Amino acid sequence: MESYLNTYNIERSGDGVEYHPLLPFLPESAKVLFLGSFPPQRKRWCCDFFYPNFINDHWRIEGEVFYGDRDFFVDKASKRFMLREIVEHCKDCGIAFYDTATAVRRLRDNASDKFLEVVEPTDIRALTAGLKYLRAVITTGEKATETICRYYGVEEMPRVNHSITLEDTMELYRLPSSSRAYPLAFGKKVEAYRAMFVRYGYDLTRR
């Protein structure tokens, strides 16, 4: 299976600076692009893809939204997410992923965005240039939302479950975090993500 690891960036990381360990995932048909802050440390990964931490519920939320099964992408026996199924789903549906930072320093030994120092922000216009069907970039955390607003010169961040226009017709839509540290019930997160996917024209009748 194709690897999504950015081996060049992994090898050049050092002296306290981490370069993004994953390649951008940009299906041509993508209507939304999830932009987080930066992946957690690799010791926390259970698959070599975006949202790799097994206790983060992003893939459980997408499983529930699209297939009515929160464990659709979960290999319970090995406590891993099923990479092949995730990639096929995202290519088929048209869902893109990357992050707002290309290089960071971690100020603490944890996965919290609050303790990330952005060394090199992502050039979002260059990242999205080839996505002709793109309607929105999606954030789920304050750090990513702040970084995007700064990049586009937007003064006021959108509230959770709301959007703002960035430029032309492209929107920035903010969702609740899929981290379990975010104080919202799983079912409420599913409702929020479902509403976003419906807004941007996704087919949710895949059950």
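Values in this document were obtained by computation on a predicted structure and should not be read as measured data. Index from 1, following the sequence.
Note that Arg84 lies outside the cation-pi zone of Tyr4, set by a 6.0 Å cut-off to the ring centre and a 45° limit from the axis. Cation-pi contact between Arg199 and Tyr173: absent, since separation from the ring centre below 6.0 Å together with deviation from the ring axis within 45° is not met.
For Tyr193, there are no ring-ring contact (aromatic ring centres under 6.0 Å, His included) partners at least two apart in sequence or on another chain. Partners of Tyr51 according to the ring-ring contact (aromatic ring centres under 6.0 Å, His included) rule, which considers only residues two or more places apart in sequence or in another chain, are His58. Remark: Arg135 engages no residue in a salt bridge (Lys or Arg N to Asp or Glu O under 4.0 Å) (not counting sequence neighbours). Phe73 is linked by a ring-ring contact (aromatic ring centres under 6.0 Å, His included) to Tyr67, His89, counting only residues two or more places apart in sequence or in another chain.
At a threshold of 4.5 Å between non-hydrogen side-chain atoms, the residues Trp45 and Pro21 count as touching. Between Phe197 and Cys93, the closest side-chain pair of non-hydrogen atoms is not below 4.5 Å. Between Leu5 and Ile10, the closest side-chain pair of non-hydrogen atoms falls below 4.5 Å. Inter-residue side-chain proximity for Val32 and Tyr202 is flagged as met; some heavy-atom pair is nearer than 4.5 Å. You'll find the side chain of Leu33 stays beyond 4.5 Å of the side chain of Ile138, heavy atoms only. Counting heavy atoms from C-beta outward, Cys46 and Ser78 have side chains that stay 4.5 Å or more apart. Two residues are said to be in side-chain contact when any heavy atoms from C-beta on lie closer than 4.5 Å; Phe66 and Asp92 fail this criterion.
Under a 3.5 Å cut-off, the side chain of Ser13 and the backbone N or O of Tyr19 do form a donor-acceptor pair. In this structure, the side chain of Thr122 engages the main chain of Asp99 through a donor-acceptor pair within 3.5 Å. Checked by atom type and distance alone, the side chain of Lys79 never pairs as donor or acceptor with a backbone atom of Phe54 at under 3.5 Å. Within the 3.5 Å criterion, the main-chain N or O of His20 finds a donor-acceptor partner in the side chain of Asn9. A donor-acceptor contact shorter than 3.5 Å links the side chain of Arg174 to the backbone of Pro158. For the pair Asn6 (side chain) and Leu23 (backbone), a donor-acceptor distance under 3.5 Å is absent. Although no hydrogens or angles enter the test, the distance criterion places a donor-acceptor pair under 3.5 Å between the side chain of Trp59 and the main chain of Phe50. Remark: side-chain polar atoms of Lys189 are paired, donor with acceptor, to backbone N or O of Ser179 under 3.5 angstrom.
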Could you walk me through whether Phe72 and Met82 pass the side-chain contact (heavy atoms from CB on, under 4.5 Å) test, one step at a time?
-> CA-CA 9 Å; Phe72 190 84; Met82 295 186 287; over 6 Å; no
Could you please spell out the steps behind the side-chain contact (heavy atoms from CB on, under 4.5 Å) verdict for Ile164 and Met157?
-> CA-CA 8 Å; Ile164 59 172; Met157 296 193 303; over 6 Å; no
Given side-chain contact (heavy atoms from CB on, under 4.5 Å), test Thr147 with Leu35 step by step and report yes or no.
-> CA-CA 10 Å; Thr147 304; Leu35 287 177; over 6 Å; no
side-chain contact (heavy atoms from CB on, under 4.5 Å) between Ile148 and Thr139, intermediate numbers included = CA-CA 9 Å; Ile148 291 175; Thr139 59; 3.3 Å; yes
Walk me through it: do Phe81 and Phe49 pass the test ring-ring contact (aromatic ring centres under 6.0 Å, His included)?
-> CA-CA 9 Å; Phe81 295 126; Phe49 200 65; over 10 Å; no
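Residue pairs meeting the salt bridge (Lys or Arg N to Asp or Glu O under 4.0 Å) criterion with at least one member in residues 138-166, sequence neighbours excluded, do not occur.
Put simply, the residue from Glu62, Glu64, Arg180 that forms a side chain to side chain contact (heavy atoms under 4.5 Å, CB included) with Asp57 is Arg180. Applying the side chain to side chain contact (heavy atoms under 4.5 Å, CB included) test between Tyr98 and each of Thr128, Val137, Ile124, Leu127 identifies Leu127 as the sole match.
No continuous path of ILVMFWY side-chain contacts below 4.5 Å connects Ile55 to Phe186, so the two sit in separate hydrophobic clusters.
The hydrophobic cluster containing Tyr182 also includes Val160, Leu184, under a criterion of side-chain heavy atoms closer than 4.5 Å among ILVMFWY residues, counted directly or through chains of members.
Minimum heavy-atom separation, Gly94 to Ser29: CA-OG, 3.5 Å.
Side-chain polar atoms of Thr100 and Ser37 form no donor-acceptor pair below 3.5 angstrom.
The environment of CD in Glu28 is sparse: at most 12 heavy-atom neighbours from other residues, nucleotides or ligands sit within 6.0 Å.
Checked for salt-bridge contact, Lys76 and Asp71 meet the test: a charged N lies under 4.0 Å from a carboxylate O.
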